[in-house]
Every structure is written in structure tokens, then in C-alpha cells.
Peer 1: 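Quick one: structure below, then a few questions.
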Amino acid sequence: MNDNKDATLHQRILSEIEGRIVSGGWPPGYRIPFEVDLAAQYDCSRMTVNKVLTQLAKAGLIERRKKSGSFVTQPQAQSAVLEIRDIKAEVQSLNLPYAYSVTKNASRKTKADDKLDLPAGGLVKEVVCVHFAGTRPFCLEQRLINLGTVPEAGDANFGAIAPGPWLLKQVPWSKAEHKIYAFAAGVEEAAALDIPRSAACLVIERRTWSSAGPVTHVRFTYPGDRHALVARFSPAS
């Protein structure tokens, strides 16, 4: 019972703080109340508050500074090159409301140009989504899911949760590959992203595998003038 109560309280604190940030009630640079103050406000332990703030920091909504506190992050449309980030968190880091729309969701047999390295006759789920930041299209997602590895995807309609986070909950991946390149928008990309045809786009292709085999291939297309990539690394010792 206590575990359920703690989980519910955790979600309540997370939702309320996230709501203040996304709505603009707590603007970029705003210092969030200290842990001890939030713990008193919600009548909970500092550990519960700390877990919430850690989750918000991982989502890119706040920045935690030693001895100074936690601050709402400045808007920045960027993806981490070596991480698998949730698009929802990317949008919310801009302090804009997030939404997505599924425009295609169908099972079919594999094709020769599919990039999942599956034998002919295998079954895949083809999903196309448009992710929005406020009222503007943010990203076009074109995804294939290997139904041999993730058969549950065959019945999934992705109405409540986008394919990316849905997959992360279904099957742990053990290996990932990223390919990043520039691309001139074609008819489909221009229509989905509401940009001129041949406009510069940034494309991230990703493949993931689990111990059971290929999981998914996804192609994310972003308007080139509204997105950037960032990587952090250290020199070899």
C-alpha cells in the first residue's frame, strides 16, 4: 500500500511541476523551490522530491546546480547524438505543449529496401507519425517494427503513447546504430512538416536490436532550420 501511495504522490509532484514549466508559469531561468520546501509543501520525504527533480533533469526540463538549486532550462531544439531521447521531452524542453498524430499504422510483409535485415516474407509494422511542438510540426517519424521480435506491436494502435516510448517499455534494446545526414524535403516530408519542397531537413536514422534480433528501424526528419544535434565526450585517458 505504501509503495502505491508513494508512486501516486511521485506522479502528482512530477505532473504539477512539469505543468508549471510547460505552461510557462515557471519560465526559463526560474529557480524551483528547494527540495526541503517542496517536501514540506507536499508532506513527503526529500528522497521523493529528489527523484522527481532527477527525472525532470533527465528529461531536459530543469538544470540542477550544486549549492544553487534547480532551474528551468532555456529552450533549445536539440537532440543528443548518442542517446535515445523521447521526442516529447525534446518538445517540452522548449516549454511548448506536445502532441502527435498517427497517419499510418499497418502490418505488411518485408520489402527488399527495408532496413531491418529481415528475410523475405517476414512481417513488420509500418507506423508514420507527426510530432508537434505547439501548433507547428516538429518531426516526422517513419518507423518499421519487426513483428518477429515484438509481436505485441501487431495489435498496437499507438493512440495513447507514441511508438518510441511504447517500444522501450516492451523490449529492452542491446545495440543501437545512428545515421545522421542532410536531406531536401520531398513531397511527403514537405506536407507533413508544413515546409517548402526541397527545404533543408535534418534526418536521424536509427536501428536497434535486442537479444532476439532486430527490433526497429526509424527515420526522424526535422526542419533543418529548427533543430540541432549535440554530443558530449571526454578525451581518452
Peer 1: So does Gly186 get a backbone contact from the side chain of Glu189, meaning a donor-acceptor N/O pair under 3.5 Å?
Peer 2: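 Yes: the side chain of Glu189 pairs with the backbone of Gly186.
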Peer 1: Looking only at non-hydrogen atoms, find the nearest pair between Val72 and Pro27 and report the distance.
Peer 2: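 Heavy atoms of Val72 and Pro27 come nearest at CB-O, 3.3 Å.
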Peer 1: How close do Glu35 and Asn50 get, counting heavy atoms only, and between which atoms?
Peer 2: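 For Glu35 versus Asn50, the nearest heavy atoms are OE2-ND2, 2.9 Å.
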Peer 1: Determine the interplanar angle of the Trp26 and Tyr30 rings, folded into 0 to 90°, and report it as parallel if under 30°, tilted if 30 to 60°, perpendicular if over 60°.
Peer 2: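 Ring orientation of Trp26 relative to Tyr30: parallel.
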Peer 1: For Pro119, is there any backbone N or O sitting under 3.5 Å from a side-chain donor or acceptor partner on Thr110?
Peer 2: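 At least one qualifying donor-acceptor pair exists.
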Peer 1: I need the single residue from Thr103, Val130, Val218 that forms a side chain to side chain contact (heavy atoms under 4.5 Å, CB included) with Glu141. Which is it?
Peer 2: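 So the option named by the test is Val218.
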Peer 1: Could you tell me whether the side chain of Ser15 and the main chain of Arg12 form a donor-acceptor pair under 3.5 Å?
Peer 2: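 Side chain of Ser15 to backbone of Arg12: no pair is present.
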Peer 1: With Asp117, which residues qualify under salt bridge (Lys or Arg N to Asp or Glu O under 4.0 Å), at least two apart?
Peer 2: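 If we apply the salt bridge (Lys or Arg N to Asp or Glu O under 4.0 Å) test to Asp117, skipping adjacent residues, the hits are Arg207.
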Peer 1: Nearest heavy-atom pair of Phe158 and Val127: which atoms, and what distance?
Peer 2: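 So the minimum-distance heavy-atom pair works out to CE1-CG2, 3.7 Å.
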Peer 1: Should the pair Arg65-Glu63 be classified as a salt bridge under the 4.0 Å nitrogen-to-oxygen rule?
Peer 2: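 Yes, charged N to carboxylate O under 4.0 Å.
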Peer 1: For a quick test of reading the model, state the closest non-hydrogen atom pair linking Ala162 to Tyr98 and the distance between them.
Peer 2: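 That would be CB-OH, 4.1 Å.
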Peer 1: Look at the side chain of Ser174 and the backbone N and O of Trp209, then say whether any donor-acceptor pair between them is shorter than 3.5 Å.
Peer 2: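 Checking the backbone N and O of Trp209 against the side chain of Ser174, a donor-acceptor pair under 3.5 Å is found.
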Peer 1: Applying side-chain hydrogen bond (donor to acceptor under 3.5 Å, both in side chains), name anything that partners Arg108, two or more places apart in sequence or on another chain.
Peer 2: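 Only Asp114, Glu126 meet the side-chain hydrogen bond (donor to acceptor under 3.5 Å, both in side chains) criterion with Arg108.
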Peer 1: Decide whether Leu167 and Leu144 are clustered together by the hydrophobic rule: side chain heavy atoms of Ile, Leu, Val, Met, Phe, Trp, Tyr closer than 4.5 Å, transitively.
Peer 2: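 Hydrophobic grouping puts Leu167 apart from Leu144.
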Peer 1: Any sub-3.5 Å donor-acceptor pair from Tyr100's side-chain atoms to Cys129's backbone N or O?
Peer 2: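 No, Tyr100 side chain to Cys129 backbone: no donor-acceptor pair under 3.5 Å.
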Peer 1: Test your reading of the model: is there a side-chain donor-acceptor pair from Ser107 to the backbone of Lys125, 3.5 Å cut-off?
Peer 2: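 No: the side chain of Ser107 does not pair with the backbone of Lys125.
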Peer 1: Report the residue from Arg206, Arg143, Glu205 that forms a side-chain hydrogen bond (donor to acceptor under 3.5 Å, both in side chains) with His217.
Peer 2: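 Only match with His217 under side-chain hydrogen bond (donor to acceptor under 3.5 Å, both in side chains): Glu205.
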Peer 1: Side-chain heavy atoms under 4.5 angstrom apart, residues restricted to Ile, Leu, Val, Met, Phe, Trp, Tyr: same cluster for Leu147 and Val171?
Peer 2: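 Not linked; separate clusters.
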Peer 1: Are Phe71 and Ile21 connected in a single hydrophobic cluster, I mean Ile/Leu/Val/Met/Phe/Trp/Tyr linked by side-chain heavy atoms less than 4.5 Å apart?
Peer 2: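 No, separate clusters.
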Peer 1: Tell me yes or no: between the side chains of His131 and Glu90, is some donor less than 3.5 Å from an acceptor?
Peer 2: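 No, no side-chain donor-acceptor pair sits under 3.5 Å.
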Peer 1: Please confirm whether the backbone N or O of Leu61 pairs with a side-chain atom of Thr73, one donor and one acceptor, at under 3.5 Å?
Peer 2: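 Yes, Thr73 side chain to Leu61 backbone: donor-acceptor pair under 3.5 Å.
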Peer 1: Test Val49 against Val36 for side chain to side chain contact (heavy atoms under 4.5 Å, CB included), laying out the working first.
Peer 2: CA-CA 8 Å; Val49 172; Val36 62; over 6 Å; no
Peer 1: Quick one: CD1 on Ile17 to CD1 on Ile62, what's the gap to the nearest 0.5 Å?
Peer 2: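 These two atoms lie 7.5 Å from each other.
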Peer 1: Around atom CZ of Arg197, are there more than 12 heavy atoms from other residues, nucleotides or ligands closer than 6.0 Å?
Peer 2: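 Check fails, neighbour count at 12 or below.
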Peer 1: Donor-acceptor check, side chain of Thr149 to backbone of Val215, threshold 3.5 angstrom: yes or no?
Peer 2: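 Absent.
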Peer 1: Please identify each residue that fulfils salt bridge (Lys or Arg N to Asp or Glu O under 4.0 Å) with Arg31, with sequence neighbours left out.
Peer 2: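 Here no residue qualifies.
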Peer 1: Under a 4.0 Å N-O cut-off, is there an ion pair linking Glu152 with Lys169?
Peer 2: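 No, no charged N to carboxylate O under 4.0 Å.
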Peer 1: Which heavy atom of Lys109 sits nearest a heavy atom of Leu123, and at what distance?
Peer 2: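 Where Lys109 meets Leu123 most closely, the heavy atoms are CG-CD2, 4.0 Å.
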Peer 1: Considering all heavy atoms of both residues, which atom of Leu38 and which atom of Pro33 are nearest to each other, and what is their separation?
Peer 2: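 Looks like CD1-O, 3.5 Å.
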